[in-house]
Amino acid sequence: MSTEKTLIIVKHDGVSRSLIGEVVRRFENIGLKIVAMKMVWADERVAGEHYLVSDEWAKGVFSKAKVAAESKGLEFPYDDYKSYADNIQLMNREYLMEGPVVAMVFEGPHVVEIGRKIVGSTEPRQAPPGTIRGDYMFDSYVVADGNKRSIRNLIHASGTVDEATREIALWFKPEELHSYQKSLDSYHS
Ligand code: ADP
Ligand code: MG
């Protein structure tokens with residue numbers, strides 16, 4: 001069984017809310033293996049490259065916000081997905097640099113998918129109870145857009161295996177990633 005890695009970041013709002021331990025606990029409780037962990041105050045390069053505006057990401061942020069607005073019967077007043085995403089990328093850069101964050105890499109089968117399940121939807125308003133974003137935040141597209149800021153959702157989790165590979169290389173040096181055995185490894189060796 002091939003294993004994956006995923007990047008999990010407790011963003012600064014999570015650090016400020018004293019949620020580092022809670023986030024680690026939720027991942028550790030289901031047996032996922034931490035292979036790297038550090039507190040970082042991101043610089044412009046790292047914060048700017050973290051959310052690279054690929055066409056796929058731009059279409060994704062645009063359509064998630066559009067669907068959320070239309071599901072509430074609200075008009076979605078933007079039509080250019082690229083400039084919408086460029087603006088979010090700029091706001092996210094500030095969000096990621098506002099204070100130190102805790103970056104972690106978890107390893108295991110399906111860990112990207114499982115990480116997203118633990119974290120919950122991008123918009124805390126939609127994230128179900130039991131997920132980190134659903135349990136600890138209430139922010140929404142409407143409120144964030146009205147205040148011209150990123151949605152405050154406490155945590156980052158890689159969305160795909162390819163995204164994880166790129167993000168881990170951005171935040172960690174190869175020697176900061178550790179390789180070791182845990183008891184649960186015997187189930188998927
Ligand atoms: P996720 O973090 O769930 O993978 P995305 O990759 O789509 O979500 O977006 C990255 C981050 O950008 C989100 O976590 C959120 O903080 C912010 N964001 C996304 N879409 C919007 C939006 N429409 N308005 C404000 N902030 C947004
Ligand atoms: Mg994402």
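As the structure lists them, so they are numbered: ligands from 1, and atoms in each ligand from 1.
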Can [X] and [Y] be counted as an ion pair, charged N to O under 4.0 angstrom?
X: Lys38; Y: Glu176; value: yes
X: Asp86; Y: Lys82; value: yes
X: Arg26; Y: Glu22; value: yes
X: Lys59; Y: Asp55; value: yes

Identify the protein atoms, limited to N or O, that lie within less than 3.5 Å of an N or O atom of ligand 1, and list each pair with its distance to 0.1 Å.
| from | atom 1 | to | atom 2 | distance (Å) |
| --- | --- | --- | --- | --- |
| ligand 1 | 2 (O) | Arg133 | NH2 | 3.0 |
| ligand 1 | 3 (O) | Arg116 | NH2 | 3.0 |
| ligand 1 | 3 (O) | Thr122 | OG1 | 2.5 |
| ligand 1 | 3 (O) | Arg133 | NH1 | 3.0 |
| ligand 1 | 4 (O) | Arg116 | NH1 | 2.7 |
| ligand 1 | 4 (O) | Arg116 | NH2 | 3.3 |
| ligand 1 | 6 (O) | Trp57 | NE1 | 2.8 |
| ligand 1 | 7 (O) | Lys64 | NZ | 2.8 |
| ligand 1 | 8 (O) | Lys64 | NZ | 3.4 |
| ligand 1 | 8 (O) | Thr122 | OG1 | 3.2 |
| ligand 1 | 12 (O) | Asn92 | OD1 | 3.2 |
| ligand 1 | 12 (O) | Asn92 | ND2 | 2.8 |
| ligand 1 | 14 (O) | Lys11 | NZ | 3.2 |
| ligand 1 | 14 (O) | Asn153 | ND2 | 2.8 |
| ligand 1 | 16 (O) | Lys11 | NZ | 3.4 |
| ligand 1 | 16 (O) | Ile151 | O | 2.8 |
| ligand 1 | 23 (N) | Tyr84 | OH | 2.7 |
| ligand 1 | 24 (N) | Asp145 | OD1 | 3.2 |
| ligand 1 | 26 (N) | Ile151 | N | 3.0 |

Notebook entry, point to check: Just checking, is any N or O donor in the side chain of Trp41 or His12 under 3.5 Å from an acceptor N or O on the other one?
Noted result: no
Checklist line | Reference residue Asp139; test salt bridge (charged side-chain N to carboxylate O under 4.0 Å, His left out); the match among Lys11, Arg152, Arg125, Arg149 | finding: Arg149
